[in-house]
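The structure appears right after this line, and notes come after that.
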Amino acid sequence: MVHQDDLGAVGNEAFRVHGALQKSADIAGAGMDKSGAGTTARAAAELKSRNFDLGTELYSTLEVWTSQVKTVLQMCAHISNHLDYSKKSHTKDEAEVLAALTRRDGSAVPVSELLKYVK
């Protein structure tokens, strides 16, 4: 059984996590200079220019981190969007079921009538 409030709460949480992660996990963009390089990328370049292997490794770590953050962001967005869709779809389905189980005068179809279709 699905409750719309549950769908909405999970979808909102996924949206909130997406926003918070997007702001706080962007180490590639942190401290960006005029050329668009963040402090981590600049540190990696500086280390590499001074022949420290750590520069290459730091840049590699930055690329992996950025890739994985993007994956988590995509997952959060997918969850949020899917639950928004599910909530809307669930509402539509409920309306269709209610319409099918309501007589022209607005009264509910009795259970005895429904049991005729159950084998």
Side-chain angles (χ1 to χ4, degrees):
M1 177 175 270
V2 177
H3 298 285
Q4 289 186 18
D5 291 343
D6 296 337
L7 293 175
V10 174
N12 285 339
E13 187 64 16
F15 181 77
R16 189 194 65 73
V17 168
H18 181 278
L21 184 64
Q22 192 171 32
K23 289 177 187 173
S24 62
D26 181 18
I27 62 172
M32 198 175 292
D33 63 8
K34 292 178 185 177
S35 69
T39 53
T40 306
R42 289 196 314 270
E46 181 67 23
L47 289 166
K48 189 174 178 181
S49 74
R50 296 178 185 266
N51 296 318
F52 284 98
D53 290 339
L54 180 61
T56 302
E57 297 304 321
L58 181 57
Y59 193 74
S60 176
T61 301
L62 179 62
E63 287 179 327
V64 170
W65 174 262
T66 301
S67 172
Q68 291 188 358
V69 166
K70 285 180 182 178
T71 298
V72 174
L73 286 171
Q74 287 173 348
M75 291 180 343
C76 287
H78 181 73
I79 289 167
S80 178
N81 291 340
H82 179 70
L83 290 176
D84 284 346
Y85 171 81
S86 295
K87 185 176 176 182
K88 289 174 187 170
S89 177
H90 183 65
T91 301
K92 181 183 169 211
D93 292 344
E94 282 184 345
E96 289 175 3
V97 168
L98 181 61
L101 297 177
T102 304
R103 291 184 172 170
R104 289 183 190 189
D105 65 2
S107 64
V109 174
V111 174
S112 61
E113 187 70 28
L114 297 175
L115 291 176
K116 291 177 183 178
Y117 301 101
V118 179
K119 292 183 180 183

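The first residue of the sequence shown is numbered 1, and numbering continues consecutively from there.
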Measure across [X] and [Y] and return the closest heavy-atom pair with its distance rounded to 0.1 Å.
X    : Y    : value
P110 : R103 : CD-NH2, 3.2 Å
V109 : T102 : CG2-N, 4.0 Å
L47  : G55  : CB-CA, 3.6 Å

Just by modelled atom types, is the A20 backbone N or O under 3.5 Å from a matching donor or acceptor in the S24 side chain?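 Answer holds: yes.
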
Looking at S86 and L83, would you say the former's side chain and the latter's main chain have a donor-acceptor pair under 3.5 Å?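 Side chain of S86 to backbone of L83: no pair is present.
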
Applying the 4.5 Å side-chain criterion to the ILVMFWY set and letting contacts propagate, would F52 and L58 be lumped into a single cluster?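 Cluster IDs for F52 and L58 match.
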
Check this for me: does any side-chain nitrogen of one of R42 and E46 sit under 4.0 Å from a carboxylate oxygen of the other?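 A salt bridge is absent here (no side-chain N lies under 4.0 Å from a carboxylate O).
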
Under the side chain to side chain donor-acceptor pair (under 3.5 Å) rule, what pairs show up with a residue in residues 7-17, not counting sequence neighbours?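 Of all non-adjacent pairs touching residues 7-17, those that pass side chain to side chain donor-acceptor pair (under 3.5 Å) are E13-R16.
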
Does anything in residues 51-68 pair up under side chain to side chain donor-acceptor pair (under 3.5 Å), and if so which pairs, sequence neighbours excluded?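 The answer is none; no pair qualifies.
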
Check residues 73-81 and write down every donor-acceptor pair under 3.5 Å in which the side-chain atom is one partner and the other belongs to a residue at least two apart or another chain.
from, atom 1, to, atom 2, distance (Å)
S80, OG, G11, O, 3.4
N81, ND2, A77, O, 3.3

